[in-house]
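So the structure is just underneath, and the comments pick up after that.
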Amino acid sequence: MPDDPRSHNVTFSLDPKSGVPYYKQIITQVELAIADGRLVTGNQLPTVRSLAVDLQINPNTVARAYNELEIRGIVNTQQGTGTFISDKEITLSEVEREQILDEMILNFVSKARSYGFDLEELIDAIRRSEQ
C-alpha cells in the first residue's frame, strides 16, 4: 500500500539537556521542516497522542506546540481529521539557520568530547555517515 501523500516526512526528537522547553523544540522542528521543504502544504502531522507516545512526553506538551503553531497560522487543525500544514510560507534567514546548527553542533561536540572523541574522529564519523 503506498504512503499517504498527506503524511508527514519528519522524525521528531527532543533534547532534554538543551534547556529549551519541549513544546518549543517541536515548533522549531516543524518550522525548519517547512522551511527546507520536508513538510509542505497539506502534509499531516502525527496525532497529538501518537507524537506524545513516540517522544515519551505528556500529550498536553504536544497539544501546546500544535496550538501555538495554529495560532501562528502554520497549521490547521480539523477536528476528527488531524493537523495539517497550512499554506503559510516559512523562511529562515541564514543567521537563524546558522544559530540552530551552531547549537546542535555545540551539544554534539560537548557530548562526544565527554566520551573522549577528538575532532578528527568526529569529522571522520560525519564523513562516513554521509556515504
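- Every side-chain contact (heavy atoms from CB on, under 4.5 Å) that Ser93 has, sequence neighbours left out, goes to Val95, Glu96.
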Show your working on side-chain contact (heavy atoms from CB on, under 4.5 Å) between Asn60 and Tyr23 and close with a plain yes or no. CA-CA 9 Å; Asn60 292 335; Tyr23 82 96; over 6 Å; no
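- Closest non-hydrogen pair, Pro46 versus Leu51, comes out as CB-CB, 4.1 Å.
- Of all non-hydrogen atoms in Arg38 and Asn43, the two that sit nearest each other are O-OD1, 3.9 Å.
- Legend: residues meeting side-chain contact (heavy atoms from CB on, under 4.5 Å) with Asp54, ordered by chain and number and at least two apart, are absent.
- Looking only at distances, no side-chain donor or acceptor of Thr83 sits under 3.5 Å from a matching main-chain atom of Leu45.
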Please report, to 0.1 Å, the donor-acceptor pairs under 3.5 Å made by any side chain of residues 120-131, with sequence neighbours excluded.
| unit_1 | atom_1 | unit_2 | atom_2 | d |
| --- | --- | --- | --- | --- |
| Glu121 | OE1 | Asp118 | N | 2.9 |
| Ser129 | OG | Ile126 | O | 2.7 |

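- Using a 4.5 Å cut-off between side-chain heavy atoms of Ile, Leu, Val, Met, Phe, Trp and Tyr, Val20 forms no hydrophobic cluster with any other residue.
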Could you walk me through whether Ser13 and Gln25 pass side-chain contact (heavy atoms from CB on, under 4.5 Å), step by step? CA-CA 8 Å; Ser13 63; Gln25 291 184 46; over 6 Å; no
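- Rounding to the nearest 0.5 Å gives a distance of 9.0 Å between OH of Tyr22 and OG1 of Thr61.
- Under the salt bridge (Lys or Arg N to Asp or Glu O under 4.0 Å) criterion, the residue pairs touching residues 62-90 are Glu31-Arg72, Glu68-Arg72, with sequence neighbours excluded.
- The CD1 atom of Ile34 lies 4.0 Å from the CD1 atom of Ile85; values are rounded to the nearest 0.5 Å.
- Residue Gln78 places its CD atom among more than 12 non-hydrogen atoms of other residues, nucleotides or ligands, all under 6.0 Å distant.
- Scanning both residues, Gly42 and Phe84, for their nearest heavy atoms gives O-CD2, 3.4 Å.
- Listed here is the closest heavy atom pair of Ser86 and Thr41: O-OG1, 3.2 Å.
- Note that OG1 of Thr77 and CG of Asn67 are 8.0 Å apart. Values are rounded to the nearest 0.5 Å.
- When side chains are defined from C-beta on, Ile26 counts as touching Leu14, because their heavy atoms get closer than 4.5 Å.
- When all heavy atoms of Ala33 and Val10 are compared, the closest pair comes out as CB-CG2, 3.5 Å.
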Hey, can you pull the donor-acceptor pairs under 3.5 Å for the side chains in residues 103-113, sequence neighbours left out?
| unit_1 | atom_1 | unit_2 | atom_2 | d |
| --- | --- | --- | --- | --- |
| Asn107 | ND2 | Asp15 | OD2 | 3.2 |
| Asn107 | ND2 | Glu103 | O | 3.3 |
| Ser110 | OG | Leu106 | O | 2.8 |

